[in-house]
Amino acid sequence: MCKQGVIQLIGKPINEEQAAVSFSLLPGSDPVAMGCFLAIWEGTAVLSTSEALQARKIGSGELFGEHTFDQLFIGKKNYIIGLGIDKGRETETIIATLSLTISAVFNQLLPAVYSNISVNADNIGTDFLIAHFTSPCCNQIKSNKKWIALFHGEFSPGIYNGINMIATSKAAPYQYSGSIIMKNIPKGLGRFETYTLIFGQGLDKSGNLDYSKLISSCTFIVWRSKIYIGTSAASPFSAPLPLLLHAL
């Protein structure tokens, strides 16, 4: 029911010294505004780019591309490869990772962890939804605020400007996976209507959501929603034991 858009990172070891990776960002992204980069660390923990063995920026207009990390000891040491945003800042964050362990096999794809957002039919109400998200764990000096925003219709370039945003909600600081509740959605969610839910990270200088830093999307149609009986439609969580009925 949910059509997802994710920032992808794919890679494999190609010999004892090199690992090749490819990446793709969301359509319409600005890699420079996002501060996108690729990096590799020795071990199994994601650290800062200042502690990386190798790192490179992703340039303007480079929505997809390839890179080869070399001078490695594949089969003898563990490595982790990451694609991140906010390079060199306190809010530097990894949004996709590849695990290159000593047991990695040449020319076989490495295990990946992506940042993504999703919502299912059982978590959609008349004026609320519960989104589920995951993102790689990484060491951060300062939390890069995670948030979701709801838009009417399909994913479009206007989302990067916050145009037609309906509602927003924020995750807890340093929360890398779990759920975010978005409630009291203005005018509610219309049956048979299409919506796009965005997962983003970071605030602008004014403390507002930075729509240039979108890392995942989820487009869905409201085929049915849960109606709360015995409580106000504007406050689905106010009753201690509400009765839930599916809209027909």
For this session: Could you tell me whether the side chain of E42 and the main chain of K77 form a donor-acceptor pair under 3.5 Å?
Result: no
For this session: Would you indicate whether the side-chain heavy atoms of I10 and S24 approach each other to under 4.5 Å?
Result: no
Exercise. Closest approach of G35 and F37, non-hydrogen atoms and distance?
Worked result: O-CD2, 3.5 Å
For this session: Find the distance between CD1 (I81) and CD (Q54) and round it off to the nearest 0.5 Å.
Result: 9.5 Å
Exercise. Tell me, do N116 and F199 make a side-chain contact under 4.5 Å, heavy atoms counted?
Worked result: no
Exercise. Going by heavy atoms in the side chains, are K12 and Q108 under 4.5 Å from each other?
Worked result: no
Exercise. For E16, does the CD atom sit with more than 12 other heavy atoms under 6.0 Å from it, leaving out its own atoms?
Worked result: no
Exercise. When you measure from the side chain of E92 to the backbone N and O of T49, does any donor-acceptor pair fall under 3.5 Å?
Worked result: yes
Exercise. When rounded to the nearest 0.5 angstrom, what is the spacing between CG in L209 and CD1 in I148?
Worked result: 10.5 Å
Exercise. So which heavy atom on G61 is nearest to which on P31, and how close?
Worked result: N-CD, 4.0 Å
Exercise. Applying the 4.5 Å side-chain criterion to the ILVMFWY set and letting contacts propagate, would I14 and L53 be lumped into a single cluster?
Worked result: no
Exercise. Is the Y211 ring parallel, tilted or perpendicular to the W147 ring (thresholds 30°, 60°)?
Worked result: perpendicular
For this session: Say whether, by atom type as modelled, one donor and one acceptor occur between the side chain of T168 and the main chain of A149 under 3.5 angstrom.
Result: no
Exercise. Going through the checks in order, is the side chain to side chain contact (heavy atoms under 4.5 Å, CB included) test met by I74 and F106?
Worked result: CA-CA 9 Å; I74 295 174; F106 294 154; 3.9 Å; yes
For this session: Could you check if a side-chain atom of L197 sits within less than 4.5 angstrom of a side-chain atom of M182, using non-hydrogen atoms only?
Result: yes
Exercise. Looking at residues at least two apart in the chain, or sitting in another chain, which of them share a side-chain hydrogen bond (donor to acceptor under 3.5 Å, both in side chains) with D210?
Worked result: S212
Problem set entry | Test item: Y79 side-chain N/O and F73 main-chain N/O as donor-acceptor pair under 3.5 Å | yes
Exercise. Are the side chain of E154 and the backbone N or O of T196 linked by a donor-acceptor pair below 3.5 Å?
Worked result: no
Problem set entry | S216 side chain vs G5 backbone, donor-acceptor pair below 3.5 Å | yes
For this session: With sequence neighbours left out, write down each residue that passes ring pair (Phe, Tyr, Trp, His ring centres under 6.0 Å) with H152, or none if nothing qualifies.
Result: Y195
Problem set entry | Test item: N161 side-chain N/O and I163 main-chain N/O as donor-acceptor pair under 3.5 Å | no
Exercise. Within a strict 4.5 Å, meaning less than it, do heavy atoms of the L214 and S29 side chains meet?
Worked result: no
Problem set entry | Heavy-atom pair with the smallest gap, counting every atom of V32 and G59 | CG2-C, 4.2 Å
Problem set entry | Trace of the side chain to side chain contact (heavy atoms under 4.5 Å, CB included) decision for I7 with M34 | CA-CA 12 Å; I7 292 176; M34 294 176 72; 4.2 Å; yes
Exercise. Are side-chain heavy atoms of I58 and K87 found at a separation under 4.5 Å?
Worked result: no
For this session: Find the distance between CG (N107) and CG (N15) and round it off to the nearest 0.5 Å.
Result: 9.0 Å
Exercise. Does D70 CG have over 12 foreign heavy atoms under 6.0 Å away?
Worked result: yes
Exercise. Under 4.5 Å between side-chain heavy atoms, hopping through other hydrophobics if needed: is there a path connecting V113 to V21?
Worked result: no
Exercise. How long is the gap from CZ on R56 to SG on C36, to the nearest 0.5 Å?
Worked result: 10.5 Å
Exercise. Roughly how far, to the nearest 0.5 Å, is the CE atom of M165 from the CZ atom of F151?
Worked result: 6.5 Å
For this session: Walk me through it: do N184 and D127 pass the test side chain to side chain contact (heavy atoms under 4.5 Å, CB included)?
Result: CA-CA 5 Å; N184 299 329; D127 68 343; 4.1 Å; yes
Exercise. If we ignore angles and hydrogens, is there a donor and acceptor under 3.5 Å between the side chains of S99 and T101?
Worked result: no
Problem set entry | Exam field: side chain N78 to backbone I102, donor-acceptor pair closer than 3.5 Å | yes
For this session: Determine whether F220 and I124 make a side-chain contact, defined as any pair of heavy atoms from C-beta on separated by less than 4.5 Å.
Result: yes
Exercise. Taking C-beta and beyond as the side chain, do I80 and I94 meet within less than 4.5 Å on heavy atoms?
Worked result: no
Problem set entry | Residue pair Q201, T91: steps toward the side chain to side chain contact (heavy atoms under 4.5 Å, CB included) verdict | CA-CA 9 Å; Q201 295 199 42; T91 52; over 6 Å; no
Problem set entry | Qualifying residue, where the test is side chain to side chain contact (heavy atoms under 4.5 Å, CB included) with S179 and the options are V119, I130, N123 | I130
Seminar exercise, completed: Residues at least two apart in sequence or cross-chain that pass side-chain hydrogen bond (donor to acceptor under 3.5 Å, both in side chains) with E51, listed by chain then number, are S48
For this session: Specify the closest pair of heavy atoms between G11 and L98, including all atoms of both residues, with the distance to one decimal.
Result: N-CD1, 3.5 Å
Seminar exercise, completed: Here the pair of heavy atoms bringing F23 nearest to E66 is CE2-N, 4.1 Å
For this session: Verify the distance criterion only: is there a donor paired with an acceptor across the side chains of Y114 and T134 at less than 3.5 Å?
Result: no
Exercise. Is F64 atom CZ crowded by more than 12 heavy atoms from other residues, nucleotides or ligands, each under 6.0 Å away?
Worked result: no
For this session: Spell out, as yes or no, whether a donor-acceptor pair under 3.5 Å connects the side chain of S115 to the backbone of I95.
Result: yes
For this session: Calculate, to the nearest 0.5 Å, the distance between atoms CD1 and CD1 belonging to I198 and I215 respectively.
Result: 10.0 Å
For this session: Verify the cluster assignment for L9 and L109: are they in a single hydrophobic cluster under the rule of side-chain heavy atoms below 4.5 Å apart?
Result: yes
